[in-house]
Student: 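Okay, handing you the structure first.
Order of appearance sets the numbers: ligands from 1, and atoms from 1 within every ligand.
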Amino acid sequence: MEATEGGPVQLSRRAETFTESVIRDMTRLALQYGAVNLSQGFPDFAAPDLIKEAAIAAIRKDINQYAITWGNKSLREVLAAKFKSYNGVAIDPETDITVCCGATEAMIAALLAVTNPGDEIIVFEPFYENYGPDGILCDASVRYVTLHPPDWSFDSDELKSAFSSKTKAIIVNTPHNPAGKVFSEKELKLIAELCQKYDSLAITDEIYEHILYDGAKHMSMASLPGMRDRTITISGISKTYALTGWRVGWCIAEKKITNSIRKVHDFLTVGAPAPLQEGAVAGLKLGNEYYQQLAQDYLERRDFLWNALEKAGFGLYEKPQGAYYIIADISQFGYSNDVEFAKYLVKDVGIAVVPGSSFYSRPELGSQQVRFAFCKKMATLEAAAQKLKALC
Ligand code: GLN
């Protein structure tokens, strides 16, 4: 439509192609119907006091102005120490880190910093819903490679054929939202080999790096031979410390890439909240005991919800090895698709979930799946289990 005086102005074609976030929409429906919200992946329990106190102290000390655009020095220093001890990679806190407003900003800043219009990026599906719109924001085309249930493995030939000279980057999310897959060393090595063959980057979303079950080990792509300088590692405090609303995340990459990310980040947001970065420092100093307890608590939640879903008649794939979601198969309930089932579940049963199709480029792949988030208090999960009995 042409813009006329007083008439409608043509708005961004980019924004027009975005659909509303299905995940956040389900949270709204949960509130509307007073349902137990197992849709959006945010914890409904408290963050550690020590972290909150550190942020409060920082505010009182008047750390209230812009942070250094790429992050408070104190945070970059603990991050570098932790990246060495946990992820196995030595980095320079002065040149290799950009602190961003959550892993979400980190991902788009990274993509904008490395892609040119027309480049291709590879994304495994099911995927976390932001990656598609991120591709649109940077005018890159997205090639999807399917993760197949029950174990969410991919076909190595399909992956190989997705790579080409146009591939700028592959996004690897491990542990994986929504599938709970933890990529194995063998899988990561194949991806690494292809990145090197096609001179592509790996952009890894490792936000669930501490939420692991049944002995699963987190491996960072950057720690593999030849990958340190072609990997952008993204993580943040949201999931590890139950602080999704603070919006503190980061990108770790070699100096030249970081330089480009820092410029994009600076113009996008200037910086992440300065006092909250000081809170994050306290979190990152907590150490192994905290991470072990975190994983233990999540294991209990996973097993509780798993059993409740099994009893209610959902089809289940392999148990998640990491992250805090379960994808369940709904074919037993006889609904034509996942959206219809999710509506029924939120209105009539009183549980909000995310329809599976929102995690796929081809919605039909998720049309008999829904995602449950179990980053919730046991009391919340117990309330959900009670409601699930209506399905039995
Ligand atoms: N990562 C969380 C999820 O997958 C929150 C995402 C969001 O709000 N879009 O549910």
Student: Would you mind listing which atoms of ligand 1 come within a distance below 4.0 Å of any non-hydrogen atom of Glu129?
Tutor: 9 (N)

Student: May I ask you to list the atoms of ligand 1 that are less than 4.0 angstrom from any heavy atom of Tyr128?
Tutor: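 Near Tyr128, the atoms of ligand 1 are 1 (N), 4 (O), 6 (C), 7 (C), 9 (N).
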
Student: Only heavy atoms of Ile23, strictly under 4.0 Å: list the atoms of ligand 1 that pass.
Tutor: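 So the atoms of ligand 1 that pass are 3 (C), 4 (O), 10 (O).
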
Student: Quick one: do Lys189 and Glu193 satisfy salt bridge (Lys or Arg N to Asp or Glu O under 4.0 Å)? Show the steps, please.
Tutor: CA-CA 6 Å; Lys189 281 193 166 151; Glu193 205 180 282; over 6 Å; no

Student: Are the aromatic ring centres of Tyr128 and Tyr208 under 6.0 angstrom apart?
Tutor: no

Student: May I ask you to identify, for Tyr208, whether its side chain, its backbone, both or neither come under 4.0 Å of ligand 1 on a heavy-atom basis?
Tutor: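 For Tyr208, the contact with ligand 1 is made by the side chain alone.
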
Student: Quick test of your reading of the structure: of Met26, Arg371, Arg24, Gln40, whose heavy atom lies closest to atom 5 (C) of ligand 1?
Tutor: Gln40

Student: Please classify the Asn177 to ligand 1 contact at 4.0 Å (heavy-atom distances, strictly less than): side chain, backbone, both or neither.
Tutor: side chain

Student: Does Phe42 come within less than 4.0 angstrom of ligand 1, counting non-hydrogen atoms of the residue?
Tutor: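 No heavy atom of Phe42 comes that close to ligand 1.
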
Student: Checking the N or O distance criterion of under 3.5 Å, is ligand 1 in contact with Gly41?
Tutor: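 Yes; the residue has a nitrogen or oxygen that sits under 3.5 Å from a nitrogen or oxygen of the ligand.
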
Student: Kindly check if the number of other-residue, nucleotide or ligand heavy atoms within 6.0 Å of CD (Glu158) is above 12?
Tutor: yes

Student: Are Lys263 and Asp266 close enough for a salt bridge, meaning some N to O gap below 4.0 Å?
Tutor: no

Student: Has Lys319 got more than 12 heavy atoms of other residues, nucleotides or ligands less than 6.0 Å from its NZ?
Tutor: yes

Student: Just checking Tyr360 against Tyr144, ring centres under 6.0 Å apart?
Tutor: no

Student: Which protein heavy atom lies closest to atom 3 (C) of ligand 1, and at what distance to 0.1 Å?
Tutor: Tyr325 OH, 3.3 Å

Student: Is any side-chain heavy atom of Phe333 closer than 4.5 Å to a side-chain heavy atom of Val370?
Tutor: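 No. Closest side-chain heavy atoms not under 4.5 Å.
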
Student: Please work out, at 4.0 Å between heavy atoms, whether the side chain, the backbone, both, or neither of Lys239 comes within that distance of ligand 1.
Tutor: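 Near ligand 1, Lys239 shows its side chain, while the N, CA, C and O stay back.
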
Student: So, 4.0 Å and heavy atoms of Tyr324: is ligand 1 close enough to count as a contact?
Tutor: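 No, Tyr324 has no heavy atoms under 4.0 Å from ligand 1.
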
Student: May I ask you to check whether Ser21 has an N/O atom sitting below 3.5 Å from an N/O atom of ligand 1?
Tutor: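 Ser21 vs ligand 1: no N/O contact under 3.5 Å.
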
Student: Roughly how far apart are Asp151 CG and Glu318 CD, rounded to 0.5 Å?
Tutor: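 Spacing of CG (Asp151) from CD (Glu318) equals 5.0 Å.
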
